[in-house]
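Positions are given from 1, in the same order as the sequence printed here. What's counted below: heavy atoms across the whole structure, side chains too, no hydrogens, waters or symmetry copies.
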Amino acid sequence: MEEWIGLLVEIEAAIDRLIETSGQKREALVAGNVEAVEALVREETGLLARVANLEEKRQRSVVVYALRNRIDTKGITLYSVLETLPEGEGKDTISQLRLRLIEKMEELERLNGVNKELLTTQRDIAQFLLEGMTTPVQLGTQYSGSGRDAELTGRISLIDKNA
């Protein structure tokens, strides 16, 4: 049980840091600080790899426990093993950690959704501005001084696509 508690505590710490970086990333996105976003994404990648490694250890530990106690390992989860544990032995601590992790994962999912929306909005704005600068504009008419409008020919583009 101590091993599970230790692993869950480490996973919780990594997820707490992911929540922090997600908030920092949102601030960096709003500020347009690309360098900060890149640094935070690199940190998040490392944290996610750490969580995956810890989760793999936790799953292996649960399977080993199940095999030792002659519990069917097909579809085994920490929650299903918890139900087989006698009271005490860290059962309450593991249950509390599990519930906190669920809440934190939901918070992280929400924050990542906000960041995704910010990125999508910024991408759409950049695309709109880029199209506005590269899409040729058909010239209309111009007063010629003779009392009639002269038809202008050609098109204007703010950026030469061939350059």
Side-chain angles (χ1 to χ4, degrees), residues 1-135 157-159 161 163:
M1 297 313 120
E2 292 303 316
E3 180 183 7
W4 292 344
I5 292 171
L7 289 169
L8 292 173
V9 166
E10 286 186 65
I11 291 170
E12 183 180 33
I15 290 173
D16 284 342
R17 182 61 192 139
L18 282 168
I19 289 171
E20 288 174 26
T21 59
S22 187
Q24 292 169 344
K25 187 165 50 172
R26 182 185 65 248
E27 292 170 7
L29 286 168
V30 169
N33 188 340
V34 176
E35 293 82 15
V37 172
E38 289 174 345
L40 289 164
V41 168
R42 281 191 301 275
E43 183 179 355
E44 284 177 331
T45 301
L47 288 165
L48 289 170
R50 175 145 177 74
V51 169
N53 183 307
L54 291 167
E55 181 62 18
E56 186 178 313
K57 287 179 182 178
R58 186 196 61 77
Q59 288 175 349
R60 277 195 313 259
S61 176
V62 168
V63 169
V64 167
Y65 174 85
L67 291 171
R68 284 184 188 151
N69 292 281
R70 296 188 170 99
I71 300 171
D72 184 16
T73 59
K74 186 176 181 182
I76 190 115
T77 64
L78 181 58
Y79 182 72
S80 62
V81 169
L82 275 177
E83 293 177 341
T84 68
L85 293 176
E87 291 304 315
E89 293 191 39
K91 184 175 182 174
D92 289 339
T93 303
I94 293 171
S95 292
Q96 290 169 6
L97 280 165
R98 180 183 162 276
L99 292 175
R100 285 199 319 251
L101 283 170
I102 290 169
E103 289 173 2
K104 289 177 182 196
M105 290 300 294
E106 289 170 353
E107 173 68 6
L108 185 58
E109 186 176 353
R110 185 190 68 74
L111 289 170
N112 284 340
V114 170
N115 287 345
K116 183 178 177 182
E117 287 177 25
L118 277 171
L119 283 169
T120 300
T121 300
Q122 288 180 341
R123 182 204 63 211
D124 292 347
I125 289 169
Q127 183 66 35
F128 174 77
L129 292 173
L130 186 59
E131 286 175 5
M133 290 187 288
T134 59
T135 302
S157 177
L158 296 176
I159 296 178
K161 289 183 183 179

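For the pair Arg123/Thr120, a side-chain contact is recorded, criterion being any heavy-atom separation below 4.5 Å from C-beta on. In this structure, Glu109 and Met105 have side chains that are not in contact, with every pair of non-hydrogen atoms separated by 4.5 Å or more. A 4.5 Å side-chain heavy-atom check between Val63 and Arg60 finds every atom pair outside the cut-off.
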* Walk me through it: do Val62 and Thr77 pass the test side-chain contact (heavy atoms from CB on, under 4.5 Å)? => CA-CA 7 Å; Val62 168; Thr77 64; over 6 Å; no
* Show your reasoning for whether side-chain contact (heavy atoms from CB on, under 4.5 Å) applies to Tyr65 and Ile76. => CA-CA 10 Å; Tyr65 174 85; Ile76 190 115; over 6 Å; no
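Between the side chain of Gln122 and the main chain of Leu29, a donor-acceptor pair closer than 3.5 Å is present. In this structure, the side chain of Thr45 engages the main chain of Val41 through a donor-acceptor pair within 3.5 Å.
Side-chain contact check for Thr84 and Asn69: no donor-acceptor pair (N or O, by modelled atom type) lies under 3.5 Å.
How far CG of Leu7 is from CG of Asn53: 9.5 Å, rounded to the nearest 0.5 Å. In this structure, Leu101 CG and Glu55 CD are separated by 9.0 Å, a value rounded to the nearest 0.5 Å. Thr121 OG1 to Lys116 NZ: the interatomic distance, rounded to the nearest 0.5 Å, is 12.0 Å. Taking CZ of Arg110 as the reference point, atom CG of Asn115 lies at 9.5 Å (rounded to 0.5 Å). The distance from atom CG of Leu78 to atom CG of Leu8, rounded to the nearest 0.5 Å, is 6.0 Å. Between Thr21 atom OG1 and Arg42 atom CZ the span is 13.0 Å, to the nearest 0.5 Å.
Heavy atoms only, all atoms of each residue included: Leu111 and Ser22 are closest at CB-OG, 3.2 Å. Nearest heavy atom pair, residue Lys104 against residue Glu12, reads NZ-OE2, 2.9 Å.
Salt bridge Glu103/Arg100: absent, no basic N to carboxylate O contact under 4.0 Å. Using a cutoff of 4.0 Å between basic side-chain nitrogens and carboxylate oxygens, Lys25 and Glu44 are scored as salt-bridged. Salt-bridge annotation for Lys57 and Glu3: absent, with no side-chain N of the basic residue lying under 4.0 Å from a carboxylate O of the acidic one.
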